[in-house]
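Down below is the structure, laid out as structure tokens.
The sequence lines fix the lettering, A, B, ..., with proteins before strands; numbering per chain opens at 1.
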Amino acid sequence: MDKTVADLATAVADIESGIALMVGGFGGSGAPIELIHALIDRFKATGTPGNLTVINNNAGNGRVGIAAMIDAGMVARMICSFPRSADPRAFTEKYLAGEIELELVPQGTLAERIRAGGAGIPAFYTPTSYGTNLADGKPTAEFDGHVYVQERWLKADVALIKAELADPLGNLTYRKAARNFSPLMAAAATTTIVQASRIVELGGIDPEHVVTPGIFVDRIVEVADARQEEALMREGVAYA
Amino acid sequence: MDKTVADLATAVADIESGIALMVGGFGGSGAPIELIHALIDRFKATGTPGNLTVINNNAGNGRVGIAAMIDAGMVARMICSFPRSADPRAFTEKYLAGEIELELVPQGTLAERIRAGGAGIPAFYTPTSYGTNLADGKPTAEFDGHVYVQERWLKADVALIKAELADPLGNLTYRKAARNFSPLMAAAATTTIVQASRIVELGGIDPEHVVTPGIFVDRIVEVADARQEEALMREGVAYA
Amino acid sequence: MSQKLSNAQIAWRAAQDITDGAYVNLGIGFPEMVAKFQPPGRQAIFHTENGVLNFGEAPADGEEDWDLINAGKKAITLKPGAAFFHHADSFAMVRGGHLDVAILGAYEVAENGDLANWSTGPKGVPAVGGAMDLVHGAKRVAVITDHMTKDGRPKLVKHCTLPLTGVGCVTRVYTSLAVIDIEDARFVLREKLPGLSLTDLQAVTGAELVVTGDIADLNCPEI
Amino acid sequence: MSQKLSNAQIAWRAAQDITDGAYVNLGIGFPEMVAKFQPPGRQAIFHTENGVLNFGEAPADGEEDWDLINAGKKAITLKPGAAFFHHADSFAMVRGGHLDVAILGAYEVAENGDLANWSTGPKGVPAVGGAMDLVHGAKRVAVITDHMTKDGRPKLVKHCTLPLTGVGCVTRVYTSLAVIDIEDARFVLREKLPGLSLTDLQAVTGAELVVTGDIADLNCPEI
């Protein structure tokens with residue numbers, strides 16, 4: 001059993017149009033830039049995948065990563081908590097032009113919905129958003145004298161994840177705060193594709209230090225020289 | 001800020017009768033034997049705490065740990081998934097005599113209810129136990145054509161936890177499979193009391209390797225020579 | 001019914017259907033035996049409820065580490081590439097559909113896939129463990145069992161009479177006499193012992209055995 | 001109203017109520033400033049939504065590690081005893097009531113504790129982030145804010161007119177003029193600038209200020 005694939009193009013070769021795509025990262029921290037750019041390359045060459053529903057905390061920054069996917073016209077819908085950034089042009093322009101849909105979800109609810117998707121919990125109750133616009137139309141229920149909003153799990157067809165170390169079974173560690181949504185998304189997607197800064201041999205990750213167990217991972221590609229969205233943005237790179 | 005206390009007696013000195021008490025461990029793996037025995041010592045000396053609701057996966061083994069608490073007459077009610085063991089006399093005798101109550105919860109539901117307690121999720125839906133006796137009287141709901149059982153969060157007043165390393169802020173690691181319920185219970189209890197095999201200085205645990213962040217921990221006592229329930233049971237030790 | 005498979009042979013047969021790299025949970029007791037019979041060249045990755053992936057065989061006597069046990073509280077060892085995690089993550093793997101196969105024992109299996117394997121009734125101390133979770137979420141939920149109870153009653157039945165573990169959850173049953181799939185709430189016979197007639201097999205089965213295609217011989221090595 | 005506290009002074013005042021070892025989340029923007037003004041000898045432990053506990057100040061220019069940021073996407077550093085965790089665990093800390101204090105900005109605060117701080121209406125791109133989660137779960141949810149809007153309208157009101165972040169969630173408000181608790185759905189005045197009369201303060205407050213005890217002088221150092 002070896003989940004390693006040879007290159008980025010292979011890693012993203014079978015992603016179809018119209019799917020729900022989770023993308024790890026919080027801003028640039030943990031953003032799997034090289035996987036995203038490989039997907040953009042494929043879209044430019046083949047027209048696929050388009051019409052994507054992208055799930056991320058944000059909606060891209062500058063002209064790289066998710067912003068570049070939006071610029072390229074691959075994204076029909078964003079599910080996120082905070083579609084603003086230092087340079088939010090890509091999403092903002094499309095959104096104000098009515099060319100991209102937005103489902104705005106409070107950040108903790110977004111995390112918990114994704115966690116529920118991976119954990120087989122179809123719905124849960126949360127105090128978050130009760131009494132606000134973002135709870136409009138959602139069922140509520142009272143427990144112990146407090147009213148809570150019912151939220152549904154969130155799953156995806158594919159997750160793109162950036163890890164620090166991976167072993168061939170897909171056990172993963174992350175680097176610092178780049179962990180954020182990635183362990184949750186790895187569990188909530190049918191197919192989880194990982195770019196790891198280094199692939200180590202089996203046994204190369206202490207079982208106590210594994211953050212994402214390999215059961216949640218399907219495919220791994222090594223990207224030793226991964227770039228940071230924030231750095232690319234500051235360099236003014238435009239990928240799309 | 002230093003959450004370390006001097007000794008076991010101090011660590012458990014204010015635990016009151018009638019509370020809900022979570023105890024980490026799965027069988028003997030992760031059982032905080034010394035904290036439990038300190039609590040038994042206090043009960044024998046003062047008659048407090050009694051009338052406890054104890055939450056653990058099991059209900060004790062042999063004549064040590066939770067079994068010894070039961071033998072001592074401190075436990076009015078167990079919430080657990082599997083009240084059987086190699087030597088289940090303590091619970092079995094009291095249960096068959098009608099002297100201890102049992103709330104039997106499927107293991108995954110027990111874990112998720114405790115996790116929900118720590119995460120501020122008052123209720124969630126699970127497929128587990130649907131259509132069985134253990135779902136009797138619980139609300140159900142249909143999502144996407146499947147029926148699920150609604151389960152409530154489970155919290156406790158106090159959790160007793162065994163960790164491997166602790167720092168003065170209460171950041172914890174565990175040893176091997178001794179992790180099990182402990183990170184969940186640490187979050188679900190109002191007061192979390194930890195026996196750690198070693199207390200290290202601040203910075204002595206890599207922030208990447210922390211399993212239970214200190215925010216979930218209130219009190220730490222070092223027990224360098226902690227004993228294993230399984231070993232004590234095999235030695236025929238009877239603590240109560 | 002003089003001839004039947006031993007437990008080891010039933011476990012062997014179930015092991016043949018586990019693919020390389022599959023994530024597998026084996027129920028405590030008899031199902032644990034399945035791990036011994038993986039075909040050469042295939043390595044499943046075993047999950048245990050108490051928070052370990054990719055564990056191996058029991059250690060030698062005296063080499064036990066009681067912090068390293070399986071759901072049956074037996075000492076285990078680790079393979080390279082193992083991982084530890086807490087109980088909520090462990091059951092996220094179960095309930096979230098991440099296991100490829102769960103193999104469980106049974107008191108009764110009904111033709112609609114209902115399983116009873118946790119309680120023989122109101123007497124004694126009830127204990128459920130992870131059974132009710134395991135029947136949900138694994139892509140395949142298989143049962144290994146003797147075809148009949150010790151006193152000769154069918155364990156494959158029309159309706160379970162014992163308290164249920166799960167509703168409509170079992171997809172395949174490996175018995176001492178046959179391999180049976182559950183499809184559209186019916187027992188579909190796939191394999192039977194070569195010396196056993198369909199009539200005799202039906203006679204010890206508590207619900208109709210449906211035949212939808214070839215019935216293969218259930219051949220197991222002497223173990 | 002010529003005299004009022006600067007933002008730094010408001011942040012300073014809020015910082016005086018944070019005890020040693022408290023777990024604190026500071027909303028992005030203005031509230032982040034509170035961290036600078038912890039009294040000597042006290043060290044709060046700061047939480048950020050994106051999965052870090054016990055972070056410290058911003059690194060020097062050019063020393064940023066963009067994998068180590070706060071919820072506002074600004075580079076941070078770690079203190080000894082820090083911890084990383086994923087987003088679900090991070091919001092378990094928030095929603096589960098494990099934070100001692102959350103300090104947030106506000107567009108409007110109502111006398112019943114309702115808070116509006118995420119949306120100024122239907123124009124533009126809406127963005128909520130963690131605000132709706134933070135208002136639930138922290139043991140104290142405090143707001144720091146100018147007492148009035150830039151165009152002179154009260155920010156402390158009878159009913160919020162902007163989209164709500166949370167219902168009945170705010171327990172204390174630190175403004176440029178006063179410190180006000182919310183108790184039993186009323187604004188209870190605790191401190192006001194020494195030169196400011198209650199009448200003048202009431203005149204710029206959109207709901208009744210209740211006095212239930214002594215009103216202390218709100219004294220802040222020049223910063």
Review point. Most heavy-atom pairs under 4.5 angstrom with chain A, which of D/Pro126, D/Ala116, D/Gly137?
Key: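 That would be D/Pro126.
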Point to revise | Partner chain A: residue of D/Ser119, D/Gly166, D/Gly124, D/Gly168 with the largest heavy-atom pair count (under 4.5 Å) | key: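 Of the candidates given, the most pairs with chain A belong to D/Gly124.
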Could you tell me the separation between the [atom1] atom of [X] and the [atom2] atom of [Y], rounded to the nearest 0.5 Å?
X        : Y        : atom1 : atom2 : result
D/His136 : A/Thr128 : NE2   : OG1   : 5.5 Å
A/Asn180 : D/His86  : CG    : NE2   : 11.0 Å
D/Lys73  : A/Asn61  : NZ    : CG    : 8.0 Å
A/Ser129 : D/Leu164 : OG    : CG    : 11.0 Å
D/Asp67  : A/Phe26  : CG    : CZ    : 13.0 Å
D/Cys169 : A/Tyr130 : SG    : OH    : 13.0 Å

Side chain, backbone, both or neither of [X] within contact of chain A (heavy atoms, under 4.5 Å):
X        : answer
D/Leu162 : neither
D/Asp65  : side chain
D/Val52  : side chain
D/Thr48  : neither
D/Phe84  : both

Which of [options] touches chain D most, by non-hydrogen pairs under 4.5 Å:
options                      : result
A/Gly131, A/Ala178, A/Pro127 : A/Pro127
A/Ser29, A/Gly27, A/Cys80    : A/Ser29
A/Glu229, A/Arg84, A/Arg115  : A/Arg84
A/Ser182, A/Ala177, A/Ala86  : A/Ala177

For [X], is it the side chain, the backbone, both, or neither that has a heavy atom closer than 4.5 Å to a heavy atom of chain D?
X        : value
A/Ile114 : neither
A/Thr109 : both
A/Pro83  : both
A/Phe181 : both
A/Val211 : neither

Study note, to complete from the structure: Which of A/Arg234, A/Met233, A/Lys176 passes side chain to side chain contact (heavy atoms under 4.5 Å, CB included) with D/Trp66? Answer is A/Arg234
Check your understanding: For A/Phe91 and D/Val125, what are the C-alpha separation, side-chain angles and deciding distance, and is it a side-chain contact (heavy atoms from CB on, under 4.5 Å)?
Key -> CA-CA 9 Å; A/Phe91 179 81; D/Val125 178; 3.6 Å; yes
Does [atom1] belonging to [X] count more than 12 external heavy atoms closer than 6.0 Å?
X        : atom1 : result
D/Arg42  : CZ    : yes
D/Gln43  : CD    : no
D/Lys36  : NZ    : no
A/Arg198 : CZ    : no
A/Glu99  : CD    : yes

Study note, to complete from the structure: Taking every heavy atom of D/Thr165 against every heavy atom of A/Thr132, the minimum-distance pair comes out as O-CG2, 3.5 Å
Point to revise | Minimal non-hydrogen separation, A/Pro106 against D/Val128, with atom names | key: CA-CG1, 3.7 Å
Review point. Have A/Gln107 and D/Asp133 got a donor and an acceptor in their side chains that come within less than 3.5 Å?
Key: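 Distance-only check fails for A/Gln107 and D/Asp133.
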